Amino acid sequence: MFEMFGYPEYSTTGEKILTTREGLYKNMMMDIRIYKMQKGEEKVFCKKDDETAFLLVSGNLEFSWGKEKVIASRKNCFDESAYCLHVSKNTEVKLKAMEESEVLVQATENNVEFDNKFYRPSDCVEMTSGAGMCNNTAVRLVRTIFDYSIAPYSNMVLGEVIGTQGGWSSYIPHHHPQPEVYYYHFDKPQGFGACFIGDQAFKIKDGSFCAIPGGLTHPQVTAPGYKLYNCWMIRHFEGNPWKDRIDDPDHLWMLNESF
């Protein structure tokens, strides 16, 4: 059984590997890496068989692909919405850091060719979830960059959640058959929380991640005083794309109570 939680470090070249499609995390079916780019640094990507999403977590970045070029700036992932470039297979993308930046790169195999799209904050769907439930202890902001309803040609889902200090997210506990990966940040580096995957509990730290097998519930909570960010990434199954969560029936009663 692979470890469902990890605390990876950046390499000397500024790369942090979360999952690959081979080896320990092959069941996640996604290649997910984080890059810390220094001012003036450039990186070029071109995946022959994979669709790829480039999410600006923070910083100032120039995105170049085909004849397109966009500069995006994001002070942090807590207070500002997302910029993300989503490209089809065999598309060359060049990233140039205008200042120190953090970029998440999510990729998976996809034979479908589609029009490349650059998502701006105005394109992201934001909603507040959990308001009014359990004395507002599960209120969080959910950002969906793209999912099946937005990009049915994609084999992936990409979004973000901002959890309030002392609050729960992915709540009520839910599951789905498709694998999911979370990547975490806190608004202060000493922040911490906990993630519950099935019957196991793990300590969330800044820069950690979890790999959630299909079928297991995965609620999480952050300590008082600290906001929690998690980027959530789901891999569709062929013929069974992720469209919605499956709530744990033991906890459905909370949805119909006022307290």
Side-chain angles (χ1 to χ4, degrees), residues 1-8 16 18-19 25 27-28 30 32 34 55 57 76-79 82 102 104 106 126-145 147 157-235 242 244-255:
M1 180 66 180
F2 67 89
E3 291 291 331
M4 291 186 287
F5 218 88
Y7 307 94
K16 179 190 293 189
L18 305 190
T19 66
Y25 292 102
N27 289 341
M28 295 297 104
M30 294 179 286
I32 303 171
I34 315 295
L55 172 66
V57 180
N76 63 65
C77 55
F78 295 92
D79 302 316
E102 183 181 12
L104 182 148
Q106 174 195 17
E126 293 195 356
M127 61 174 289
T128 300
S129 184
M133 185 181 74
C134 303
N135 286 328
N136 288 318
T137 55
V139 177
R140 66 275 189 192
L141 176 67
V142 180
R143 298 185 186 123
T144 301
I145 300 169
D147 60 7
V157 176
L158 178 61
E160 300 178 323
V161 172
I162 308 300
T164 55
Q165 55 115 355
W168 289 78
S169 61
S170 297
Y171 207 80
I172 58 175
H174 71 273
H175 62 88
H176 38 76
Q178 301 84 1
E180 184 169 16
V181 174
Y182 286 166
Y183 176 61
Y184 299 101
H185 270 311
F186 287 93
D187 59 338
K188 294 180 174 59
Q190 70 271 31
F192 64 97
C195 178
F196 301 83
I197 304 177
D199 293 327
Q200 298 189 59
F202 304 90
K203 184 176 182 178
I204 303 171
K205 298 180 181 180
D206 189 62
S208 61
F209 82 101
C210 68
I212 307 163
L216 296 182
T217 56
H218 41 278
Q220 51 210 310
V221 64
T222 182
Y226 302 103
K227 290 182 181 179
L228 175 64
Y229 164 91
N230 77 272
C231 178
W232 51 284
M233 296 158 278
I234 299 176
R235 175 50 157 91
W242 179 86
D244 204 355
R245 46 193 277 168
I246 302 170
D247 290 326
D248 187 331
D250 287 343
H251 305 290
L252 285 173
W253 66 271
M254 295 183 205
L255 303 180

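The model shown is predicted, which means the values in this text are computed figures rather than measured ones.
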As an exercise, state the distance from [atom1] of [X] to [atom2] of [Y], rounded to the nearest 0.5 Å.
{"X": "I145", "Y": "C231", "atom1": "CD1", "atom2": "SG", "result": "6.0 Å"}
{"X": "Q220", "Y": "S170", "atom1": "CD", "atom2": "OG", "result": "4.0 Å"}
{"X": "K205", "Y": "F209", "atom1": "NZ", "atom2": "CZ", "result": "14.0 Å"}
{"X": "L104", "Y": "I32", "atom1": "CG", "atom2": "CD1", "result": "6.5 Å"}
{"X": "Q200", "Y": "M4", "atom1": "CD", "atom2": "CE", "result": "4.0 Å"}
{"X": "L141", "Y": "I162", "atom1": "CG", "atom2": "CD1", "result": "6.5 Å"}

Once the angle between the rings of [X] and [Y] is folded into 0 to 90°, is it parallel (under 30°), tilted (30 to 60°) or perpendicular (over 60°)?
{"X": "Y182", "Y": "Y184", "answer": "perpendicular"}
{"X": "Y226", "Y": "F192", "answer": "tilted"}
{"X": "H185", "Y": "Y183", "answer": "perpendicular"}

Which heavy-atom pair separates V181 from A211 by the least distance, and what is that distance?
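Heavy atoms of V181 and A211 come nearest at CG2-CA, 4.5 Å.
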Nearest heavy-atom pair of A82 and L55: which atoms, and what distance?
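For A82 versus L55, the nearest heavy atoms are CB-CD1, 3.8 Å.
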Can you check side chain to side chain contact (heavy atoms under 4.5 Å, CB included) on L228 and I204, steps first, answer last?
CA-CA 9 Å; L228 175 64; I204 303 171; 4.2 Å; yes
Test your reading of the model: is there a side-chain donor-acceptor pair from [X] to the backbone of [Y], 3.5 Å cut-off?
{"X": "N135", "Y": "T137", "result": "no"}
{"X": "K16", "Y": "G207", "result": "yes"}
{"X": "N136", "Y": "V139", "result": "no"}
{"X": "R140", "Y": "Y171", "result": "yes"}
{"X": "R245", "Y": "P173", "result": "no"}
{"X": "Y25", "Y": "M30", "result": "no"}

Between [X] and [Y], is any pair of side-chain heavy atoms under 4.5 Å apart?
{"X": "C210", "Y": "I197", "result": "yes"}
{"X": "Y7", "Y": "D206", "result": "no"}
{"X": "E102", "Y": "I34", "result": "yes"}
{"X": "M133", "Y": "I172", "result": "yes"}
{"X": "N27", "Y": "P213", "result": "no"}
{"X": "V142", "Y": "W232", "result": "yes"}

A quick test of your reading: do over 12 heavy atoms of other residues, nucleotides or ligands sit less than 6.0 Å from CG of D199?
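Result for CG/D199: open.
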Apply side chain to side chain contact (heavy atoms under 4.5 Å, CB included) to Q106 and L158, showing your working.
CA-CA 9 Å; Q106 174 195 17; L158 178 61; 3.6 Å; yes
Side chain to side chain contact (heavy atoms under 4.5 Å, CB included) between L255 and D247, worked out
CA-CA 10 Å; L255 303 180; D247 290 326; 4.0 Å; yes
Might you work through the side chain to side chain contact (heavy atoms under 4.5 Å, CB included) test for D187 and Y229, ending with a clear yes or no?
CA-CA 8 Å; D187 59 338; Y229 164 91; over 6 Å; no
Under a 3.5 Å cutoff, is there a donor and acceptor pairing between the side chains of H174 and H251?
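Not at all, the side chains of H174 and H251 share no donor-acceptor pair under 3.5 Å.
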Between F186 and F78, does a ring-ring contact (aromatic ring centres under 6.0 Å, His included) hold up when you go through it step by step?
CA-CA 9 Å; F186 287 93; F78 295 92; 8.2 Å; no
Listed once per pair and sorted, the salt bridge (charged side-chain N to carboxylate O under 4.0 Å, His left out) pairs that draw on residues 172-185, sequence neighbours left out:
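Applying salt bridge (charged side-chain N to carboxylate O under 4.0 Å, His left out) to every pair that reaches into residues 172-185, excluding sequence neighbours, yields nothing.
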